[in-house]
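Everything below concerns the one structure shown next.
Side chains are part of it too, since the values below use all heavy atoms of this structure and drop only hydrogens, waters and symmetry mates.
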Amino acid sequence: MFSSGHMIMTPRKVLALSPAHRMSEEEEEFSPSVLGTKEHWDAVYSRELKTFEDYGDEGEVWFGEGSVTRVVKWLNAQKLPLSSAVVDIGTGNGKLLVQLAKSGYSNLTGIDYCSGAIALAQSICDKEGVSQRVKLQVADFLGSFAPAEQYDVALDKGTFDAISLDPAGAKDKCLQYVQALRRVIRPDGIFIITSCNWTRDQLLQHFGNGKICDSSEKFFYTFFGS
């Protein structure tokens with residue numbers, strides 16, 4: 001599904017860059033897709049939960065295991081306290097949180113609007129022995145999610161991509177996402193996003209200029225070309 005082209009952006013260094021899938025600033029809307037609908041993901045996680053229950057298969061890691069490794073490695077390099085509050089937006093099967101828990105992080109939250117995804121993530125966390133470090137919640141990030149406190153780190157591995165494909169008002173929902181993120185992340189927090197649709201510059205247009213962060217200093221971005 002994805003080529004090997006990718007970019008990892010840190011404040012000081014671009015490690016690799018593929019020009020694939022690069023879009024102009026004006027071309028920020030995508031063709032609507034079933035991948036942007038809750039019905040699609042409900043069906044996906046219903047199947048994956050049944051497969052896990054029947055065969056123990058944990059399901060697909062969105063963007064591959066390498067994307068999880070890169071995010072965990074970068075976050076570890078920031079030397080944050082292991083008690084830092086971390087939220088995974090659209091956690092899916094929760095594999096990213098599992099790896100963070102195994103790295104020692106103890107205050108992890110995963111949310112997803114699909115109950116099947118949360119049930120699968122809970123089963124995997126139980127299997128991997130990290131349930132005490134991970135809290136899971138069925139919640140719509142654009143609607144019902146209202147945490148009592150803000151997070152030090154927010155993670156997104158494909159959720160903003162899916163929202164940008166929603167046939168029911170993707171542009172407005174992308175704006176809602178930015179507003180929701182502003183509510184849940186601390187002013188000095190870190191936002192980590194993995195995308196196959198957006199370039200770094202386009203994402204900084206959405207989340208930079210004081211909206212979420214003023215510069216790339218608190219912004220980590222992984223790009224996958226198609």
Distance (rounded to the nearest 0.5 Å) between [X] [atom1] and [Y] [atom2]:
X: Leu35; Y: His40; atom1: CG; atom2: NE2; answer: 4.5 Å
X: Thr109; Y: Gln137; atom1: OG1; atom2: CD; answer: 8.0 Å
X: Thr194; Y: Leu155; atom1: OG1; atom2: CG; answer: 8.5 Å
X: Cys114; Y: Lys38; atom1: SG; atom2: NZ; answer: 5.0 Å
X: Ser46; Y: Trp41; atom1: OG; atom2: CH2; answer: 14.0 Å
X: Leu175; Y: Gln179; atom1: CG; atom2: CD; answer: 6.5 Å

* Does any pair with a residue in residues 130-175 pass ring-ring contact (aromatic ring centres under 6.0 Å, His included), and if so which ones, sequence neighbours excluded? ->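 Qualifying pairs: Phe141-Tyr177, Phe160-Tyr177, Phe160-Trp198, Phe160-His206, Phe160-Phe207.
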If you take all heavy atoms of [X] and [Y], which pair is closest and at what distance?
X: Tyr113; Y: Asp140; value: CB-CA, 4.0 Å
X: Ala139; Y: Ser144; value: CA-OG, 3.6 Å
X: Gly92; Y: Asp112; value: N-OD2, 2.9 Å
X: Leu96; Y: Val68; value: CD1-CG1, 3.9 Å
X: Gly116; Y: Tyr45; value: C-CB, 3.8 Å
X: Ala101; Y: Val134; value: CB-CG2, 4.3 Å

Heavy atoms, side chains only, cut-off 4.5 Å: are [X] and [Y] in contact?
X: Val86; Y: Asn107; result: no
X: Ile89; Y: Thr91; result: no
X: Asp161; Y: Cys196; result: yes
X: Leu203; Y: Ile193; result: yes
X: Phe52; Y: Leu120; result: yes
X: Val153; Y: Ile192; result: yes
X: Cys125; Y: Glu128; result: no
X: Arg183; Y: Gln150; result: no

* Asked: Are there more than 12 heavy atoms of other residues, nucleotides or ligands under 6.0 Å from atom NZ of Lys50?
  ->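 No, NZ of Lys50 has 12 or fewer neighbouring heavy atoms, counting only those of other groups under 6.0 Å.
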* **Any residue meeting salt bridge (charged side-chain N to carboxylate O under 4.0 Å, His left out) with Asp126, in chain and number order, not counting sequence neighbours** =>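 Scan of Asp126 (salt bridge (charged side-chain N to carboxylate O under 4.0 Å, His left out), adjacent residues dropped) gives none.
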* Asked: salt bridge (charged side-chain N to carboxylate O under 4.0 Å, His left out) with Asp152: which residues, sequence neighbours excluded?
  ->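 With sequence neighbours excluded, Asp152 shows a salt bridge (charged side-chain N to carboxylate O under 4.0 Å, His left out) to Arg186, given in chain and number order.
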Taking only residues two or more places apart in sequence, or in another chain, which ones meet [X] in a side-chain contact (heavy atoms from CB on, under 4.5 Å)?
X: Leu82; value: Tyr105
X: Ser106; value: Ser83, Arg133
X: Ala170; value: Asp166

* Start with the C-alpha gap between Glu58 and Glu48, add the side-chain angles, then the distance that decides, and say whether side chain to side chain contact (heavy atoms under 4.5 Å, CB included) holds. => CA-CA 7 Å; Glu58 297 180 355; Glu48 292 199 357; over 6 Å; no
* Asked: Can you get from Val34 to Ile163 by hopping between Ile, Leu, Val, Met, Phe, Trp and Tyr side chains that sit under 4.5 Å apart?
  ->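 Different clusters: Val34 never reaches Ile163 through Ile, Leu, Val, Met, Phe, Trp or Tyr contacts under 4.5 Å.
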* **Hphob cluster co-occupancy, Val178 + Ile185, side-chain heavy atoms under 4.5 angstrom** =>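 As far as the 4.5 Å side-chain criterion goes, Ile185 and Val178 are connected within one cluster.
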Tell me whether [X] contacts the main-chain N or O of [Y] through its side chain, where contact means a donor paired with an acceptor under 3.5 Å.
X: Thr37; Y: Ser33; value: no
X: Ser84; Y: Leu80; value: no
X: Gln78; Y: Trp74; value: yes
X: Thr159; Y: Asp156; value: no

